[in-house]
2 protein chains.
Amino acid sequence: MGNYDVKNEVTDKYSLRGRVFNRIREDILNGKYKEHGELKEVAIGEELGVSRTPVREAFRQLELEGLIQIIPNKGAYVTGITTKDVRDIYMIRSYLEGLCARWVTEEITPEQMAEMEENIFLSEFHASKGHYEQMAEMDNRFHEILYESCNSKMLEHLLKDFHQYVLRVRKKTLANSERGNQSNLEHRMIMEAIKAGEADRAEKLANQHMINAYENMVKLGLNEIENDTQ
Amino acid sequence: MGNYDVKNEVTDKYSLRGRVFNRIREDILNGKYKEHGELKEVAIGEELGVSRTPVREAFRQLELEGLIQIIPNKGAYVTGITTKDVRDIYMIRSYLEGLCARWVTEEITPEQMAEMEENIFLSEFHASKGHYEQMAEMDNRFHEILYESCNSKMLEHLLKDFHQYVLRVRKKTLANSERGNQSNLEHRMIMEAIKAGEADRAEKLANQHMINAYENMVKLGLNEIENDTQ
DNA sequence: TCAAGTATAATTGTATACAATCACACATAC
DNA sequence: GTATGTGTGATTGTATACAATTATACTTGA
């Protein structure tokens with residue numbers, strides 16, 4: 001929050017403001033609004049059937065989320081993520097997911113453990129069938145389970161935000177079965193370390209898992225996806 | 001915070017909105033608005049001489065900063081930080097300051113190195129004179145120099161926000177000369193590791209420095225400062 | 001032709017008006 | 001006496017009106 005720091009999520013996802021916020025956020029993450037594209041308050045307001053007021057408030061939050069940048073008296077622009085930003089984020093995530101895996105080892109509940117095992121089982125099933133879409137979903141969910149199981153709202157929120165943040169650049173790298181199988185294997189190893197109560201091992205595996213994910217992404221041509229020199 | 005994820009700071013500190021935001025933020029950090037205290041839009045607006053609009057927008061941002069919580073249709077409340085939150089934050093900071101020290105070792109410029117050395121020199125001077133106020137300032141500044149020298153806007157922002165965030169609970173622990181001297185020594189050791197180009201050592205020292213700071217805080221009675229069971 | 005200045009349109013910033021919701025006190029029924 | 005219902009005031013949510021700023025196109029002059 002500040003960014004970065006300790007942020008709360010938008011309290012009410014179902015209020016008008018919450019809906020506007022989430023909608024714009026999605027549209028940015030889905031690529032509907034291009035990098036450095038300008039966001040007009042009235043245009044978006046009309047599209048969502050609301051006035052400028054809730055749109056403006058959503059903008060203020062999206063700015064802190066890092067998704068847009070507001071230049072006073074000028075406008076709101078979708079932020080560009082540089083390749084260096086992506087590298088930094090993955091490295092930061094590597095550290096934090098390591099810490100998370102450590103805490104999960106100490107704090108996970110039986111229910112969460114069961115969900116994690118189920119996730120891995122299902123993920124391997126989808127991999128065997130070549131269901132790329134579901135594999136990607138399972139992959140995202142595995143990490144969310146991890147975040148939710150560490151029993152720290154602070155860390156959970158931090159990691160969820162980072163996770164969301166990189167989805168923008170990660171999309172293309174999912175449809176790759178080789179990495180999918182390897183990723184599943186790594187998930188399984190992390191899970192087993194957690195189950196065995198070996199925090200050190202779980203942490204190291206989580207570190208490496210993130211680094212591998214990053215290197216795979218680079219190999220598949222991150223440079224072609226993003227080449228922002230800002 | 002964000003909270004957590006990759007947040008930008010409020011773009012224009014000097015616009016009306018920026019001033020309102022920073023003013024409320026300060027007042028919360030300074031303790032003017034108590035924990036769980038309710039913030040009224042009109043009251044704050046009148047106090048700052050503005051209408052509700054900029055106040056509301058500032059609220060939306062403060063919510064993501066994690067300083068307040070907005071309950072729809074009810075109001076904005078200063079968030080309570082639990083002792084567990086504080087522990088979590090310090091542990092997260094320990095990891096991230098470690099990563100930061102590593103990157104600083106690789107990326108620091110001669111000018112930044114010089115400023116860091118000067119900071120330590122001055123800090124030791126103030127310690128010898130018993131200037132507690134200045135010692136605290138120097139301590140804060142040391143960490144900021146560290147953040148600014150890692151050459152990563154992402155990490156810099158993340159750590160600055162966390163740093164800000166804990167100032168609320170840290171105030172009382174500064175006026176303690178014993179910890180002050182120890183802290184200065186640790187700063188010096190981190191600096192020397194960075195200067196020697198030993199990233200591993202710098203990282204470990206930064207980790208431990210944060211843990212020591214936390215334990216000192218606990219020893220001085222964090223429980224008396226905060227005892228929130230939320 | 002080019003430069004500077006000016007007018008106009010578009011957009012954001014702020015204030016205010018109105019609607020919706022909530023909290024609390026009071027009244028009424030049992 | 002307690003519980004339920006209702007009305008009033010306070011507060012937030014949204015829309016709109018107006019002010020300030022910016023960008024752009026056009027005009028004017030050399």
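Here is how names work: the chains are called A, B, and so on, in the same order as the sequence lines, proteins then strands, and each is numbered from 1. The shown structure was predicted, so the numbers you read here are calculated from the model rather than taken from an experiment.
Atom CD1 of B:Ile71 and atom P of D:dG13 are 11 Å apart (whole Å). At whole-Å resolution of the value, CZ in B:Phe21 and C1' in C:dG13 are 18 Å apart. Counting to the nearest Å, the C1' atom of C:dT11 and the CD1 atom of A:Ile44 are 13 Å from each other. Protein atom CZ of B:Phe59 is 12 Å distant from nucleotide atom P of D:dT11, rounded to whole Å. Whole-Å rounding puts the B:Gln69 CD to D:dT12 P distance at 15 Å. One can place CD of A:Glu41 at 16 Å from P of D:dT21, the figure rounded to the nearest angstrom. In this entry the distance linking CZ of A:Arg52 with P of C:dT12 reads 7 Å, nearest Å. Between the C1' atom of D:dA10 and the CG atom of B:Leu39 lies a distance of 16 Å, rounded to the nearest Å.
If you check the side chains of B:His126 and B:Glu137, you find no donor sitting under 3.5 Å from an acceptor.
For the pair B:Arg60 and D:dG13, the criterion of a side-chain N or O lying under 4.0 Å from OP1 or OP2 is met. Distances shown here put a side-chain N or O of B:Arg56 below 4.0 Å from the OP1 or OP2 atom of D:dG13. A close approach under 4.0 Å does occur between a side-chain nitrogen or oxygen of B:Lys74 and OP1 or OP2 of C:dA23.
Between B:Tyr147 and B:Leu158 there is no side-chain heavy-atom pair separated by less than 4.5 Å.
Where A:Gly75 and A:Thr53 each meet DNA chain C at their nearest nucleotide, the meeting point lying more 5' is that of A:Gly75.
For the salt bridge (charged side-chain N to carboxylate O under 4.0 Å, His left out) test with A:Lys160, the passing option among A:Glu148, A:Glu97, A:Glu65 is A:Glu148; the others fail.
Aromatic ring centres of B:His36 and B:Tyr77 lie farther apart than the 6.0 Å criterion allows.
Comparing D:dA17, D:dA15, C:dT21 by their nearest atom to the side chain of A:Ser51 picks out D:dA15. Of the candidate nucleotides C:dC22, D:dA17, C:dA15, C:dC22 has the atom lying nearest to any side-chain atom of B:Asn73. Across D:dT12, D:dA15, C:dC22, the shortest atom-to-atom separation from the side chain of B:Lys40 is found for D:dT12.
Residues B:Ser94 and B:Asn207 approach most closely at O-ND2, 2.6 Å, considering heavy atoms.
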